2 protein chains.
Amino acid sequence: MADLKANLRNYSLDEEELRQGIELLFYAYRDFTSEPDKILAKWGFGRAHHRVIYFVGRNPNITVTELLLILQITKQSLARVLTKLIKENFINQRADPLDRRKKLMTLTKKGEQLEKELTSTQMARFNRAYNETDTEAIEGFRRVLRGIINPQDRARVRPRTGLSNRRN
Amino acid sequence: MADLKANLRNYSLDEEELRQGIELLFYAYRDFTSEPDKILAKWGFGRAHHRVIYFVGRNPNITVTELLLILQITKQSLARVLTKLIKENFINQRADPLDRRKKLMTLTKKGEQLEKELTSTQMARFNRAYNETDTEAIEGFRRVLRGIINPQDRARVRPRTGLSNRRN
DNA sequence: TTTATTAAGTCAACATGGCTGACCTTAAAG
DNA sequence: CTTTAAGGTCAGCCATGTTGACTTAATAAA
């Protein structure tokens with residue numbers, strides 16, 4: 001196992017720091033999704049189903065258009081997973097009484113149960129990470145990650161107050 | 001636009017905080033990958049190609065086995081993208097003189113150029129985020145994100161000193 | 001020196017989940 | 001009454017993950 005120095009390239013400290021950030025985000029996301037993926041496989045679902053279940057659970061009475069804005073995928077891509085989730089009774093749709101073109105979506109009991117099972121693995125991971133640090137570190141984490149997000153979407157991070165067209 | 005409060009579920013403060021973390025990570029990763037994806041499309045490549053180019057560039061003379069440990073995908077999945085990258089002369093392979101079963105991989109000039117183009121968009125994003133905050137926030141970001149990563153892989157985050165079997 | 005293990009490669013088949021493009025229905029707004 | 005908005009749908013393509021089986025070459029172990 002030869003000379004380590006021979007492998008060092010001349011990065012500026014800044015570039016090294018930025019690359020470490022990139023790698024942290026890659027590894028964190030890779031592991032963050034690994035546990036739900038295993039649970040989803042048992043149901044014949046994939047990661048896309050989790051995302052839909054998560055954001056419908058988090059934003060009761062969300063519409064298709066709003067969900068598309070969050071996920072940033074096409075309507076056709078969403079349709080594939082959403083249709084299956086509705087057919088198998090994880091998600092309910094009902095017409096918005098104030099604009100019957102809109103379909104308000106909520107989780108069914110079954111959907112809530114699966115959501116909880118999936119998301120609890122991720123919450124446990126965050127809980128561990130948060131407990132290994134302190135309040136200031138968590139606040140730093142939040143501020144930096146917000147800075148990574150495109151400016152126009154930063155408001156979404158507190159979606160219960162940020163998303164506007166919500167109703168019952 | 002009816003009652004917002006009617007939509008609030010009774011989360012504990014903790015659950016709310018954990019869910020905000022989940023969402024921050026989702027949105028950050030979504031946007032973090034969006035710019036490279038556009039560049040890759042011009043070359044007929046996908047996100048998987050970027051990951052290979054990135055980690056080969058970052059770890060010159062890496063072997064296939066080591067790359068698989070980082071990416072956590074199957075050899076067959078890697079083969080598809082790696083074969084294409086070698087065929088189109090973005091990556092070089094040569095036998096390790098000390099163990100001729102191993103193939104040491106490096107970026108070609110062409111590979112380095114593409115790597116730089118792809119990664120610079122992500123470094124710019126991190127640079128912006130870092131500059132919007134301060135040193136303590138960045139350190140907090142790093143510590144929390146490390147906590148999210150599976151313990152056995154946390155050492156990888158400083159890969160130039162962490163990965164062992166590196167040589168020239 | 002024969003045998004087992006390791007590193008890498010390969011073929012086939014399958015599933016998920018993105019995408020484009022075209023087109024339809026229903027309801028609301030002008 | 002026409003236009004626009006919200007949602008749905010069909011067909012096909014592509015990228016990228018998976019399992020399983022099998023091969024070759026080189027090193028390590030018995």
Side-chain angles (χ1 to χ4, degrees), chain A residues 26 29-30 33-34 36-54 56 61-88 91-105 165 167, chain B residues 26 29-30 33-34 36-54 56 61-88 91-105 165 167:
Chain A
F26 166 75
Y29 197 79
R30 184 198 65 179
T33 51
S34 63
D37 282 356
K38 282 176 212 149
I39 297 167
L40 289 156
K42 295 189 299 186
W43 293 86
F45 292 147
R47 199 175 292 181
H49 299 86
H50 185 194
R51 292 199 281 251
V52 170
I53 287 175
Y54 181 88
V56 171
N61 295 310
I62 194 172
T63 65
V64 169
T65 302
E66 286 174 322
L67 198 44
L68 288 174
L69 285 173
I70 289 175
L71 300 176
Q72 299 270 276
I73 58 176
T74 60
K75 193 171 42 161
Q76 295 91 325
S77 294
L78 176 58
R80 195 160 25 197
V81 299
L82 191 51
T83 303
K84 194 175 175 191
L85 287 169
I86 291 168
K87 209 165 268 170
E88 299 185 18
I91 287 179
N92 269 330
Q93 274 186 331
R94 64 190 175 87
D96 183 338
L98 301 183
D99 181 346
R100 296 176 20 82
R101 290 173 305 179
K102 296 184 184 172
K103 309 282 184 64
L104 307 180
M105 294 181 285
N165 309 347
R167 78 171 63 77
Chain B
F26 166 75
Y29 196 80
R30 185 198 65 178
T33 51
S34 63
D37 283 355
K38 283 177 211 148
I39 297 168
L40 289 157
K42 295 189 301 185
W43 292 87
F45 292 147
R47 199 175 292 180
H49 299 86
H50 185 194
R51 292 199 281 251
V52 171
I53 287 176
Y54 181 88
V56 171
N61 296 309
I62 194 173
T63 64
V64 170
T65 302
E66 285 173 322
L67 198 45
L68 288 174
L69 286 172
I70 290 175
L71 300 175
Q72 300 269 275
I73 58 175
T74 60
K75 194 171 42 162
Q76 296 91 322
S77 294
L78 176 58
R80 194 159 28 198
V81 298
L82 192 51
T83 302
K84 194 175 175 191
L85 287 169
I86 291 167
K87 209 164 267 170
E88 299 185 18
I91 286 181
N92 269 329
Q93 274 186 332
R94 63 190 175 87
D96 183 338
L98 301 183
D99 182 346
R100 295 172 25 76
R101 289 173 304 181
K102 297 183 183 172
K103 309 282 183 67
L104 308 180
M105 295 180 286
N165 309 347
R167 77 170 64 80

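Computed from a prediction, not measured in an experiment: that's the story for all the values here. All values below come from the heavy atoms of this structure, side chains included, with hydrogens, waters and symmetry mates left out. First the proteins, then the strands, lettered A, B, ... as listed; each starts at 1.
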Can you pull out the residues from residues 74-87 of chain B that lie within a 4.0 Å heavy-atom distance of DNA chain C?
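Those residues are B:K75, B:Q76.
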Which of parallel (below 30°), tilted (30 to 60°) and perpendicular (above 60°) describes A:Y54 and A:H50?
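Ring orientation of A:Y54 relative to A:H50: perpendicular.
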Give me the atom names and distance for the closest heavy-atom approach of [X] to [Y].
X	Y	result
B:L68	B:I73	CD2-O, 3.6 Å
A:R94	A:N61	NH2-OD1, 3.3 Å
B:R30	A:L71	CD-O, 4.1 Å
B:T33	B:P36	O-CD, 3.6 Å
B:I70	A:F26	O-CE2, 3.8 Å
A:M105	A:T63	CE-C, 3.6 Å

Given atom [atom1] of [X] and atom [atom2] of [N], what is their separation to the nearest angstrom?
X	N	atom1	atom2	result
A:D99	C:dT25	CG	C1'	15 Å
B:K38	C:dG18	NZ	P	17 Å
B:K102	C:dG9	NZ	C1'	17 Å
B:L40	C:dG18	CG	P	17 Å
B:I73	C:dG9	CD1	P	13 Å
A:L71	C:dG18	CG	C1'	12 Å
B:I91	C:dA8	CD1	C1'	15 Å

Using only side-chain N and O atoms of [X], determine if any of them is under 4.0 Å from OP1 or OP2 of [N].
X	N	answer
B:R47	C:dC19	no
A:H49	C:dT16	no
A:K103	C:dT26	no

With heavy atoms of chain A within less than 4.0 Å as the criterion, where does contact along DNA chain D begin and end?
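Range of nucleotides touched by chain A: D:dA5 to D:dC10.
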With the side chain counted from C-beta on, respond yes when B:L67 and B:V64 share a heavy-atom pair under 4.5 Å apart, and no when they do not.
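Side chain of B:L67 against side chain of B:V64, heavy atoms only: no contact under 4.5 Å found.
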On DNA chain C, check which nucleotide each of A:R51 and A:R100 is closest to and give me the residue with the more 5' one.
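The 5'-side residue here is A:R51.
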Contacts of type side-chain contact (heavy atoms from CB on, under 4.5 Å), residue A:K42, not counting sequence neighbours
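A:K42: side-chain contact (heavy atoms from CB on, under 4.5 Å) contacts with A:I39, A:E117.
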Looking at C:dT6, does its base get a donor-acceptor pair with the side chain of B:R101 below 3.5 Å?
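By the distance-only test, yes, there is a pair.
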